[in-house]
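Worksheet: the structure to be examined is printed underneath.
Nothing here was measured: the structure is a model prediction, and the numbers come from that model.
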Amino acid sequence: MKVNLHKTTLYAHASMVLFSLLVAGSFPIGQVIAYQIDPIALTFLRFLLASVLLGAFLAWRGAFRSTDFRLLWRYLLLGGSFSCYFIFMFEALETATPVATSSIFTLMPFIAICLDRAFFAKRAGWPLLLSLLLGAWGALIVVFRGELSNLLALSPERGEGLFFLGTAAHAFYAVMVPKLRRGESALVFSFGVMMAATLLIFIAAPRPILALDVTQLGAPVYWSLVYLAIFASICSFSCLNYASAYLSSGQLTAYTFLTPFWVALLGLQFLEQKIAPYMMVGGSLILISLIFLLLSGRQRGQAKP
């Protein structure tokens, strides 16, 4: 096994651990506010707020370069794919259960591998596939609470289908972002993608956005928007864009296996329950899988972080 523990590689893996944790926080938030605000309007507001905050910060730091916004179609393509994921996610959470959506989310690495194969004729090696299968096994143990009956009781419907489409859009972003970056910093690239997503959402569906009265939203929605804009948008985008310069798409998306585990831990924290044995088993398998990914596999390493 080839071991690669270069500092930038370790930072990339660490950023994806943080990414998975930040994404996990959006699942319980999505359920809390799913019926209080239109999902398209919510996605628009989170990206708009994130773009304004990050743009102001980058302008203050003088971080923009004249070459950062060449080939604007790149931002439009990636912004469209990521906004599709969030819209589908919040639409799905109106009817789909967290168990169903979390289990579908574990398919992302395999979808990414298929997209890599279809678009770039890249083959995934057996070590990567075995690591992904091990991680998926651990994630599903967490999702279904270690009970086969929970898996058999799963009955996919419209919400689950929408979330699958959103997961595919997320995988597309992960596959394409390292191909489309041209030396932009992770923060600047994140700003471009979020601005494009904001514009595209408004063009595609202006009615629910214009119909929304932001002064009538409750405190839970306001606080949720703050979290979604700063942590689940700016921070998670930047983590993903940074790591994409050093990790393959299979490695990059493998960290989605951690999301069900974080969701379960967050639920335990709020419910003040103890960690169940199935969480220890599933978490251990996920950890072993990610260690294999850390110690083996081909790395990227060309783009500016």
Using a 3.5 Å cut-off and no angle test, enumerate the donor-acceptor pairs between side-chain atoms of residues 200-212 and protein atoms at least two apart in sequence or in another chain.
none

Handout entry: Contacts of type side-chain hydrogen bond (donor to acceptor under 3.5 Å, both in side chains), residue Ser233, not counting sequence neighbours
Key = Arg46
Residues 51-62 side chain polar contacts: donor-acceptor under 3.5 Å, at least two apart:
| from | atom 1 | to | atom 2 | distance (Å) |
| --- | --- | --- | --- | --- |
| Ser51 | OG | Phe47 | O | 2.7 |
| Ser51 | OG | Met195 | N | 3.4 |

Exercise for the section: Verify whether one side chain among His13 and Tyr246 offers a donor that lies under 3.5 Å from an acceptor in the other. Expected result: no
Handout entry: Arg181 side chain reached by Ser244 side chain, heavy atoms, under 4.5 Å
Key = yes
Problem - side-chain hydrogen bond (donor to acceptor under 3.5 Å, both in side chains) against Tyr75, all qualifying residues, sequence neighbours excluded - result: none
Exercise for the section: Please check if the side chain of Tyr255 supplies one atom and the backbone of Leu18 the other of a donor-acceptor pair under 3.5 Å. Expected result: no
Problem - ring-ring contact (aromatic ring centres under 6.0 Å, His included) partners of Phe164, counting only residues at least two apart - result: none
Handout entry: side chain to side chain contact (heavy atoms under 4.5 Å, CB included) partners of Leu287, counting only residues at least two apart
Key = Ile291
Completion exercise
Looking only at heavy atoms, the pair that brings Ala50 and Ala229 closest together is CB-O, 3.4 Å
Practice task
Check whether any side-chain heavy atom of Tyr173 lies under 4.5 Å from a side-chain heavy atom of Asn241, and answer yes or no.
Solution key: yes
Handout entry: Minimum side-chain heavy-atom gap Thr167-Thr256 below 4.5 Å
Key = no
